[in-house]
K.L.:
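Sharing a structure, written as C-alpha cells. Questions coming.
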Amino acid sequence: MFKSAATVSAKAALPPGSLIHVGRPREEKPYIWVMNYDSEHVEMNENVPTEKVKGLICPGKKNWINIMGVHDVELVRQIGEAFSLHPLVQEDILNTHHRPKVEEFGDYLFIVMKLIHFNEAELSFTNEQISLVLGPDWVISFQEGPPDPFAAVAERISKNRGRIRRMGADYLAYSLMDGVVDSYFLLMENLGNVMEYLEDQVLAEPDRAVLNQLYQLKRELLEQRRAVWPLRELISSLVRGEFPIISEETLPYIRDVYDHTIQVIESTETLRENLAGLIDLYLNSVSNRMNEVMKVLTIVSTIFIPLTFLAGIYGMNFQHMPELAIPWAYPALLAVMLGIGLGMRSFFRRKKWL
Amino acid sequence: MFKSAATVSAKAALPPGSLIHVGRPREEKPYIWVMNYDSEHVEMNENVPTEKVKGLICPGKKNWINIMGVHDVELVRQIGEAFSLHPLVQEDILNTHHRPKVEEFGDYLFIVMKLIHFNEAELSFTNEQISLVLGPDWVISFQEGPPDPFAAVAERISKNRGRIRRMGADYLAYSLMDGVVDSYFLLMENLGNVMEYLEDQVLAEPDRAVLNQLYQLKRELLEQRRAVWPLRELISSLVRGEFPIISEETLPYIRDVYDHTIQVIESTETLRENLAGLIDLYLNSVSNRMNEVMKVLTIVSTIFIPLTFLAGIYGMNFQHMPELAIPWAYPALLAVMLGIGLGMRSFFRRKKWL
Amino acid sequence: MFKSAATVSAKAALPPGSLIHVGRPREEKPYIWVMNYDSEHVEMNENVPTEKVKGLICPGKKNWINIMGVHDVELVRQIGEAFSLHPLVQEDILNTHHRPKVEEFGDYLFIVMKLIHFNEAELSFTNEQISLVLGPDWVISFQEGPPDPFAAVAERISKNRGRIRRMGADYLAYSLMDGVVDSYFLLMENLGNVMEYLEDQVLAEPDRAVLNQLYQLKRELLEQRRAVWPLRELISSLVRGEFPIISEETLPYIRDVYDHTIQVIESTETLRENLAGLIDLYLNSVSNRMNEVMKVLTIVSTIFIPLTFLAGIYGMNFQHMPELAIPWAYPALLAVMLGIGLGMRSFFRRKKWL
Amino acid sequence: MFKSAATVSAKAALPPGSLIHVGRPREEKPYIWVMNYDSEHVEMNENVPTEKVKGLICPGKKNWINIMGVHDVELVRQIGEAFSLHPLVQEDILNTHHRPKVEEFGDYLFIVMKLIHFNEAELSFTNEQISLVLGPDWVISFQEGPPDPFAAVAERISKNRGRIRRMGADYLAYSLMDGVVDSYFLLMENLGNVMEYLEDQVLAEPDRAVLNQLYQLKRELLEQRRAVWPLRELISSLVRGEFPIISEETLPYIRDVYDHTIQVIESTETLRENLAGLIDLYLNSVSNRMNEVMKVLTIVSTIFIPLTFLAGIYGMNFQHMPELAIPWAYPALLAVMLGIGLGMRSFFRRKKWL
Amino acid sequence: MFKSAATVSAKAALPPGSLIHVGRPREEKPYIWVMNYDSEHVEMNENVPTEKVKGLICPGKKNWINIMGVHDVELVRQIGEAFSLHPLVQEDILNTHHRPKVEEFGDYLFIVMKLIHFNEAELSFTNEQISLVLGPDWVISFQEGPPDPFAAVAERISKNRGRIRRMGADYLAYSLMDGVVDSYFLLMENLGNVMEYLEDQVLAEPDRAVLNQLYQLKRELLEQRRAVWPLRELISSLVRGEFPIISEETLPYIRDVYDHTIQVIESTETLRENLAGLIDLYLNSVSNRMNEVMKVLTIVSTIFIPLTFLAGIYGMNFQHMPELAIPWAYPALLAVMLGIGLGMRSFFRRKKWL
C-alpha cells in the first residue's frame, strides 16, 4: 500500500484531471479489441488502433470495447475524448490505486473494481484495477494487462451461450462485474487451503516461522479487505435502481451479484476471525510448551536437590559423626534416598505433573 | 465453508442462470408430494412424477408441493418452467450454499432458509438449504433430502389442527418458516448442553483437548452464524409489509417468528461470549497450574540450597577448621539446619505460598 | 437460559397459538383481583373467579385486573376469550421466556416486561415475566406469582396518592411499567454492593474462588442484559407516540420511564466494563505474585550457588592444594563468602528486587 | 454511582412526580438572585425570598433567576408552581442523578447538564447537576450550591461585555451551556496533566500503586463519560432547530457549543485509549522486569552448576583416582573451570543476554 | 493535545466571539497577497496591507486572498469586518485547535481543515490549521504561517495550467482542499516508511526502545485521526449538494476529493491495525526469548543436578563403602555419568528443546 501511496504522492502537486499513470509500470504493448453483437450476429475486431475505435461502434447493436494496458496515457486520453468521458474519469482509469466505486456522469456510468491475485508461496496479494464505462449501447472495459479475465464472457457472446446476446449493454456490464466477483470465490478457496495448511502447522510444530506467516496473512487480508468492502456499497447503489441506465430486466441479476458480494465479505470476515483464533492457538501452544519445560525442571530439581543435601551431610569432615562407622549406614542411606525419590514421584503423580 | 466455496468456484465461469447443482452430492431418488386443501377437504398425492405436478394444482384451494432432492437439475428445471420461475430462482434452488434471503418476482415470493444439523460428537454443524416459493394459492418447498422437517406441518393440515386449514397459502409458508426457526431452539438446547459439559471439563481437568474443542466450537459457531443472522433482515422485511402476497391476517404470525429469530440470534451471541469466557477461564487455570509448579520449585530450592551450602562448608578439607574437632558440632549443625528449614517454612506460610 | 430453551423446544412441533405453559412449574393457586376506580370512587374485588372477571368491568371507570399465576392455561384462555385477545397474545402470556416487547392489536396494546430477582448468595438472577394488556379503559396485568410487585401502585390508587386516580388507564399501565423499571435501580444497587465486595476480595487475597465468582457474575449479567436492553426499543416506540391509546397527557411520564431505562442500561454497561477491569486486576495481581515467587527463588539461588561452588572447590581431595595447609585460609574463605553474599545483596538492592 | 443509585432506589415506591431530593445532602442555605436586563439597563436583586421571585419578572426585559441549593424541596415546589413547571420537571430538578437531556414542555424548554469536579489527589470525579428552564423571556438556572459557575456570565451582563445584553433569553441559556462545556476543557487539561504524571511513573518505576491508580482513573472516566456523552444528542437536537424557542440568530452559537462538545468527547475517547495504552505499557514493563530476573537466575545457575559438578567429582573418595596425585592437577582444574566460565560468558554475550 | 486544551481553557471565561489567538505563538510578520483572475487575465498583489485588501477585490473576476499568520488578532478582525464575517467565524479562525468543519453563513461558506506535519525523528505530528472562506467570487485562505502549502495552486493559476482559470471561486476552494488532502498521501507515505523501519527493528532485535516508539506512534496516530476523520463528514456534506455556492460543475471534483479522503482514512485505519499487529509481534518475540532462556536453564540444571548428586554420594565419608576400593569404580562412574548426560541430550532432542 505504501508503495502505491508513494506513487500517488508523485501526482499530488498536479492540477486535478491531469493524465498521468499511477501504478506498476508495465511494458506490454496495449491491446484493444471491439466486439459488436445483437441476438443474431456477432462481429469481433481484434488489435484495433486507438483512433479507429470510435468508428467501429454500431448503433443498434451492443458494442464492447476491451482495452488491455491502462499505462498508456495517450491511449486513455484518445478513448476518453472519443467518448467524451469526463477528465476525472480518464484520470481515475489511469490511477490504478483507486477505491472501487460507481459514479454517474450524464449518460454513462463509471465503475471501478479490483481483481485480486494471490501468491500462495509468499502469502501476498496483488491488485489489478478494472474500470468499466457503461454507455447506452456500449461498454468499455479497461484492464491493466493480460491475462484477460473476461475471456469467458467473450466466449459466451461469440458462442451465444446463456441470454447475454439477447440482452442490453447493461447486462454485459453485469456479466463483467459478475466475473470479477466470481474470481473472489476462487481466491477464497485458495485462502481456505492456505488456512488449513497453517492450522496443521500450528497443531503439529508451532515455530516462529508459522507465526510470522500468520501475521503476514493477517496484514495482507487487511489490505485486501479494502478492495472488496466498497463493492457492497457500490453494487447496493446499483440494486436500489438509482441509475436509469440499468434496465428493470437486469436488476435481478445485479441483485444476484450483490448476494455474492455479501457472501464474499462474510467469508473474509470469518477468515479473519479464524486467523485471529489460529494466532491465539499458536500463542497458547507456545505457552503450553513452556509449561512442560518448567515441569521437567521442577521435577528434576525437586527430586535431586534434597538428595544432594543428604549426600552433602555425610560428606562433612566432623570427627564425631557416629553414623559414619555403622557398617549398614551407607546402604541404609541409599535406601532412604530411594524412598524419598519414590515419594516425590508419587507426589508428582498425584499433582498430575507426570 | 471453503469446501463449499470450492464447489461454487466450479461454477464461476458459467453464464448466470446456468442450472447446475452445487452442494453435497446425494444419491437418494427425488421424491415429490402434492397436497391440496381448504377448510373442508384435504387431498394428498404422494410420489408424484415431475411432469404431473402442475396439473395437480387446484385453483380455489391451497396447494402445497413438497420436493425432496434438489440435486436433480432436470426436476428443478421442469418445476421451474411449469411455474414460470425466473432462471435465477432455479439457479439459487440448486445452489445449496446460498445466503438466506427473500426476493419478490412478479406474483411470487422466493425465500431461502437453512436447516442446521449439529453433530455433538464432532462438535460440527452441517447446513441443509430450504427454498420456499410462495404463489397466490400455492407453496413449493424444496429440501435437500430426508428426513422431512415439515412432517409436523403436513400432519397439522391433514388432522386439521390449529387454524392452518382456514387460512391462506401465506400462512402455510409462515408455518414452514416457523418450523425452521423452531428447530433452532432445539439446536440451542443441544449447544447449551455441550457448553455445560465443556465448562465442567475446564473446571475439573483442563487439558489441551478441551481447548481444541473450545476453538473448534468457536469456529463452527462463526460459520453457523452466517446461516442465522440474515434471517433477521429477511423476516423483518416480511414484517414491514413490503410484500402484498402476505395478508394482513398473517402478519402477526410473521411478527411472532421475527421475535423468535431475534431470540435465537441473542442466544447465539450469548453463547459466543460464554465460549470466549470459557477459553479465558481455561487459559487462566493453565497459568494457575504453572504458578503452583513454580511455587513447589521455589520452596524446595530455597530450603535446600542454603542447607547444602552449609554441608559443603564442613565438607572442605582445610587442615585448620577448629569446629570439626568439637564433639557436639555435628548435632549442633543439624539443629541449626532444622532451624533454618522451619524458619523458611514459616516465611512461606506468611507469604501464603504453603 | 438453556434450560428454558429446552422447555421452549417441547413446544416446537405444536401449531402456533397453541396454549401451553412454558416456564418454571408453579404450584400456587392462581389469584385474581379486580379494581375499579375513578377520581371519586374506588372498589376492590379480591379473589375473583375467572368467569366473573369480565362482568366486573365498569364502563366509564378505570378497571385493573391483576392476575397472579400464568401457569394456569385454562385461566389465560378464559380471560383471553372474554377480552377477545389474539391467540398469539394468549400464547405469549403463557410462554414466560419471551423477549420484552410491545405490540398493538386493534384496540389494545400488549406489553411484555421482565422482573429480575437477584440471589446475592449464588450470584445468580431469575426472571419473572410481567404481561400487560392495555385496553381503552382497562388494564390486565399477568404475573408469574407472589410476591405482588404492584402492591405499591394498588395502594396509591386506594389511598388516592399522586394523580393516578385522576388519569386514564394508560397512566395506570405507565405506573406498572415504572414500577418494573424502578425495581431495576434496586437491582443495580445490590449489584453495586456485590461488586464492591468482590473488588475488596481481589485487592486483599485474590484466589481462584473470586475469579470464578467474577466469571459467574459476568455470565449472569450477559444473560440479564437480554431482559433489559429490549426495553429501550419498547419504550422508545411508546414515546414516539405510535400508539393512539397512549394519551398526549401521559406521554411526558413515558418519556420519564424512557430516561430511567437508558440510565439502567448505561449502569449495566458500566458494571460490565468494571467487571472486566476487575478480572484484569485479578489476573495482574496473580502474575504479580508469581513475579515475587520468582524473585525469591532467584535471590536465594544466585547467592548460594556460587558459594556452594567455592565450598566444593575446597572439598576436593587433590594432594597438592597449598591453600588447605594455610592456617588462616578457612576464616579467609568464610570472609570472602560473606563478601560475595553482601555484594549480591547490594546488587539486588540496586535492581530494586529486595 | 452505586451510592447514588441507592438513594434513587429510596424513591422507587413513590408515585411519579413526588418531590423528594435525591443526591448528596447539603447544609448550605439556598440562595436566589434575580437579574433583569435589556440592552440599556440591568438590575440585580440578590438574596430574593422564594415567594417574591415571580413578582420580580419584568416582561419586555430578559430575566435570569439563579437558584443555588436544589436540596430544598419546598423551594423547588414554590418556584415550580409560580412558573407552572410540569411536576416531572420539578422532580428531575430535585433528582441530581439525572442524565443530561433536553425536553420541551409547551412554551418552555427544560435542560439538564452536569458540572464535573475533578479531585486530582484521589483521582476521583464528582458531579453537580445544573438544570436550566428557558421560557420566552426568562431563564431559571438551578445549581446544587456554591461556588457559582455562572459568575462570569453574570459579570458579562452587568458590565455589558460581548453581545449578551442585546440578545434574547435563549442567548442567555446558550451562554450558561457554553460555560458548562468550557469547564470541561479545564477538566481535560487537568486530566492531561495527571496522565503525563502517570506516564512518567510507568516509565520510571512501575509499581502496583501506579497500576491501581490507572485502573481507578479508568473506572472514573467510564463513570464521567455518562455525564458528557448525552450532551452530544442534547445539543444536536437544539442545533437541528427542533425547538422554536431558540431563535435563528442564536443557532450559530449553539452550533459552536456543539463543536466544542464533540471536541470534548473526542478528547475523552483519546484519553481512554491512551489510558489503555499506559496499562499495557505497565504490564509490559512488569513482564520485562520478570524477564531480567529470569536471565540473572539462568546465567548464575548455568555457569556454576557445571563447575560445582566438577568440584564434586574431585571431592569423591575413590581410592584409585590418579588425577588426585598429579601436582599440577589442581591448578589445571581451576584453569579448566575458568575456561568453562569464560566460554559461558561469551555464549551469553552471543545470545545478547548479557 | 493537552497543551492545546490548556490554551483553549485560557479562553474559557471570555464571552463567545471574543477575538483571541489560541495556538502556538508565532513571531513571523503576517503576510497577505491577493490574486485576481479570470480565464484571460491574472493579477497578483503581494504584501498587501490589511486595510487595502477589500479594495483589491474585482467584481466579475475570481479573487483569492491568501493570509499567512492567523496569530495577528487585529488583522483577522479587520478582514472579518471588511467581508462581514460572523464573529464566531473570526473566533474560529484565530482558535487553531478547532475541529475540521464546514458551516454556511448567509452567502459564504466557512471551512476549517488541518495540515499535518510529521517529524520522523521524534515520531511526532504537528497540526496547522487552514481556514477557507468561500464567497460568491472570492476565497480567503488563512494559514498559520510559511511554508505556503498553496504555492502549487497559485502557480497553476498564474501559468494557466488545467481548467482552474476557466472555473469559479468554488473550484479554487476545491483546489485548496484537494491540496490539503493530497498532502495526507505524502504523510501516509512517510508513515509507511517508518512502519517498515520499525517492523525490521521488531524482527531483528526487539528491545524496549522499539516498543516505546511503537506506543508513541500509536498515541500520535490517535491524536491525528481527529484531524482527518471529520473531513469525511465535512466533504460528504459538500458532495450532497447542500450548499448552493458549490456549482453543479464543481461537484464531480468535490466527489473526487471525497474518494481521496476515504482512501486516507482507510489507510490510517490499516496503519493502526498494522501497528497493533507489530506490538503483538514484539510482545511475542519477547516472550519467545524468555522461553529460550528457560530452556537453557532447564537443560543445564537437569543434566548436572543428578550428576552432582552422584558425585556427592561418593564424596561421603562412610567407613564401609565397598565401591570406593574397587580400582575401576572411578572410571566406571565417569562412564555412567557420561551415559546419563547423553541420555538427557537425546531426551531433549526428542522433545525438540535442542
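Numbers restart at 1 for each chain; the letters A, B, ... are given by sequence-line order, proteins then strands.
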K.L.:
Is any side-chain heavy atom of Gln216(B) less than 4.5 Å from a side-chain heavy atom of Glu122(B)?
P.N.:
no
K.L.:
Highest number of heavy-atom pairs under 4.5 Å with chain B: which of Ile164(A), Asn288(A), Leu310(A), Ile299(A)?
P.N.:
Asn288(A)
K.L.:
Where do Thr250(A) and Ile254(A) land on the side-chain contact (heavy atoms from CB on, under 4.5 Å) test, with the steps shown first?
P.N.:
CA-CA 7 Å; Thr250(A) 305; Ile254(A) 303 278; 4.2 Å; yes
K.L.:
Report, in residue-number order, which members of residues 278-286 of chain B are under 4.5 Å from chain A by heavy-atom distance.
P.N.:
Tyr282(B), Leu283(B), Val286(B)
K.L.:
What part of Asn291(A) is in contact with chain B, defined as an atom under 4.5 angstrom from a non-hydrogen atom: side chain, backbone, both or neither?
P.N.:
both
K.L.:
In terms of heavy-atom proximity below 4.5 Å to chain B, should Asp256(A) be classed as side chain, backbone, both, or neither?
P.N.:
side chain
K.L.:
Quick one: which residue pairs count as a salt bridge (Lys or Arg N to Asp or Glu O under 4.0 Å) with a foot in residues 287-304 of chain B, not counting sequence neighbours?
P.N.:
Lys351(A)-Glu292(B)
K.L.:
How about CD on Glu273(B), more than 12 heavy atoms from neighbouring residues, nucleotides or ligands closer than 6.0 Å, or not?
P.N.:
yes
K.L.:
Between Tyr253(A) and His86(B), does the ring centre distance come in under 6.0 Å?
P.N.:
yes
K.L.:
Any donor-acceptor pair under 3.5 Å linking the side chain of Arg166(A) with the backbone of Ser39(A)?
P.N.:
no
K.L.:
Contact part of Leu211(B) toward chain A, heavy-atom cut-off under 4.5 Å: side chain, backbone, both or neither?
P.N.:
side chain
K.L.:
So which residue, Glu269(A), Glu155(A), Met294(A), ends up with the most heavy-atom pairs under 4.5 Å with chain B?
P.N.:
Met294(A)
K.L.:
Between Val257(A), Asp259(A), Val153(A), which residue shows the highest count of heavy-atom pairs closer than 4.5 Å to chain B?
P.N.:
Asp259(A)
K.L.:
Show every donor-acceptor pair shorter than 3.5 Å between a side-chain atom in residues 317-339 of chain B and any protein atom, with sequence neighbours excluded, or say none if there are none.
P.N.:
| unit_1 | atom_1 | unit_2 | atom_2 | d |
| --- | --- | --- | --- | --- |
| Asn317(B) | OD1 | Asn317(A) | ND2 | 3.1 |
| Asn317(B) | ND2 | Gly315(C) | O | 3.1 |
| Asn317(B) | ND2 | Met316(C) | O | 2.8 |
| Asn317(B) | ND2 | Asn317(C) | OD1 | 3.0 |
| Glu323(B) | OE2 | Tyr314(B) | OH | 3.4 |
| Glu323(B) | OE2 | Tyr330(C) | OH | 2.7 |
| Tyr330(B) | OH | Glu323(A) | OE2 | 2.7 |

K.L.:
Give every residue pair that meets the ring pair (Phe, Tyr, Trp, His ring centres under 6.0 Å) criterion with at least one member in residues 289-308 of chain A, sequence neighbours excluded.
P.N.:
Phe304(A)-Phe309(E)
K.L.:
Taking atom types as modelled and ignoring hydrogens, do the side chains of Glu128(A) and His117(A) form a donor-acceptor contact shorter than 3.5 angstrom?
P.N.:
yes
K.L.:
As an exercise: rank Gly277(A), Ser175(A), Ala151(A), Ala311(A) by heavy-atom pairs under 4.5 Å with chain B and give me the winner.
P.N.:
Gly277(A)
